[in-house]
Amino acid sequence: MQDLINKANVLMEALPYLKRFAGTTIVIKYGGHAMADEKLKESFARDVVLLKYIGLNPVIVHGGGPQINETLKKYGIVSEFVRGMRVTDAATMGVVEMVLVGQVNKEVVGLINRHGGRAVGLSGKDGELLLAEKMLQEVRQEDGSVEQVDIGFVGDVIHVNQALIDTLEQGKFIPVIAPVGVGAGGESYNINADVVAGRVAAALKAEKLILLTDVQGVKDKQGNLLTGISVGEMRRLISDESIVGGMIPKVECCADALAGGVKKAHIIDGRVEHAVLLEIFTDKGVGTEIVQ
Ligand SMILES: Nc1ncnc2c1ncn2[C@@H]1O[C@H](COP(=O)(O)OP(=O)(O)O)[C@@H](O)[C@H]1O
Ligand SMILES: CC(=O)N[C@@H](CCC(=O)OP(=O)(O)O)C(=O)O
């Protein structure tokens, strides 16, 4: 009997959060690395379906960096990263689109639907969901100056077709977005999935942006987890190189999302089962919260 009462107590603990978040939009970035483990994939899909059933509106943006690397390797294409962004020539763009849209997107949609959700896969080209323009990457030189570097068909999102997401949400569908944008001339752009998640969250004025990754959260130089950092601290951690590589676009997009009206932004450990539920429905949460 006590077991059953304990179960009821766990449900009751979630009640204030259920009330607070009912009807709100939560944008979740599902990272390439967190997609590697079968058990975690299933637990992620179940979490998303549960969120939808209890009245939240999850919007999924997926990555696929490791999957792109694998296919590029098969084609003998070597790729380089500048501050966490893949340098993308025309041949690389072809592979990026094929893997993200044709493979990873369909896999995530299938996974959610197998668990009883109604997921719909979209790339930024569908309904011009993600209108993009070419971006130059800023690289700080040794003398402190900042140089703009051309990294090919890499874009930033300049407009999100919010009406399309609203329509899907009204139909009880779960949008699953591949980070490929479309330019004014119909050309494709490779966009970092964290950047897409941040822009989509800001456009939808989401309650939360949650980025799942393969580490506990943001760490300091000694490797200690930082449970909460301000945007100012974040900038210091980037300039003293405590935050490097793929973590840079993650924290930057959290800062942009907060500036764009998103209430909360979190970077959490996708290797932990039910990480999304733990973040949303517990007081302490998990990982790192970025605050303005
Ligand atoms: N300060 C930091 N704290 C935590 N991780 C960091 C930090 N700086 C760099 N990283 C690296 O960022 C990686 C996460 O970025 P990325 O590989 O692009 O993840 P994902 O594939 O989940 O999007 C971590 O695996 C870690 O190696
Ligand atoms: C411009 C850029 O870097 N695009 C990324 C898009 C996929 C992505 O972001 O995947 P993860 O989240 O799994 O790293 C790339 O080509 O790898």
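Note that ligands are numbered from 1 as they come in the structure, with each ligand's atoms numbered from 1 the same way. Values below: every heavy atom of this structure, side chains too, minus hydrogens, waters and symmetry copies. Remember, predicted model here, so these are calculated numbers, not experimental data.
Every N/O-N/O distance between T88 and ligand 2 stays at or above 3.5 Å. For ligand 2, none of its N or O atoms has an N or O atom of M85 under 3.5 Å away. On a distance-only criterion, D194 and ligand 2 share no N/O pair closer than 3.5 Å. Below 3.5 Å of separation, one finds no N or O of D194 facing any N or O of ligand 1. At least one N or O atom of G65, backbone or side chain, sits closer than 3.5 Å to an N or O atom of ligand 2. For A193, a nitrogen or oxygen atom sits less than 3.5 Å from a nitrogen or oxygen atom of ligand 2, counting backbone and side chain alike. The shortest N or O to N or O distance between V244 and ligand 1 is under 3.5 Å.
In this structure, T71 contributes its side chain and Q67 its backbone to a donor-acceptor pair below 3.5 Å.
The closest non-hydrogen atom to atom 3 (O) of ligand 2, taken over M93, R86, Q137, comes from R86. In this structure, of M247, M85, K250, the residue bringing a heavy atom nearest to atom 10 (N) of ligand 1 is M247.
Against a heavy-atom cut-off of under 4.0 Å, I68 is close to the following atoms of ligand 2: 15 (C), 16 (O), 17 (O). Applying the 4.0 Å criterion to heavy atoms of K29 picks out, from ligand 2, the atoms 12 (O). Annotation for ligand 1: atoms under 4.0 Å from non-hydrogen atoms of V218 are 3 (N).
Residue contact annotation: G246 has no non-hydrogen atom under 4.0 Å from ligand 2. Taking a 4.0 Å cut-off on heavy atoms, K29 registers as neighbouring ligand 1.
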**OP:** Evaluate side chain to side chain contact (heavy atoms under 4.5 Å, CB included) for V157 paired with L131, printing each intermediate quantity in order.
**Re:** CA-CA 6 Å; V157 179; L131 195 59; over 6 Å; no
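A donor-acceptor pair shorter than 3.5 Å can be found between the side chains of N6 and Q2.
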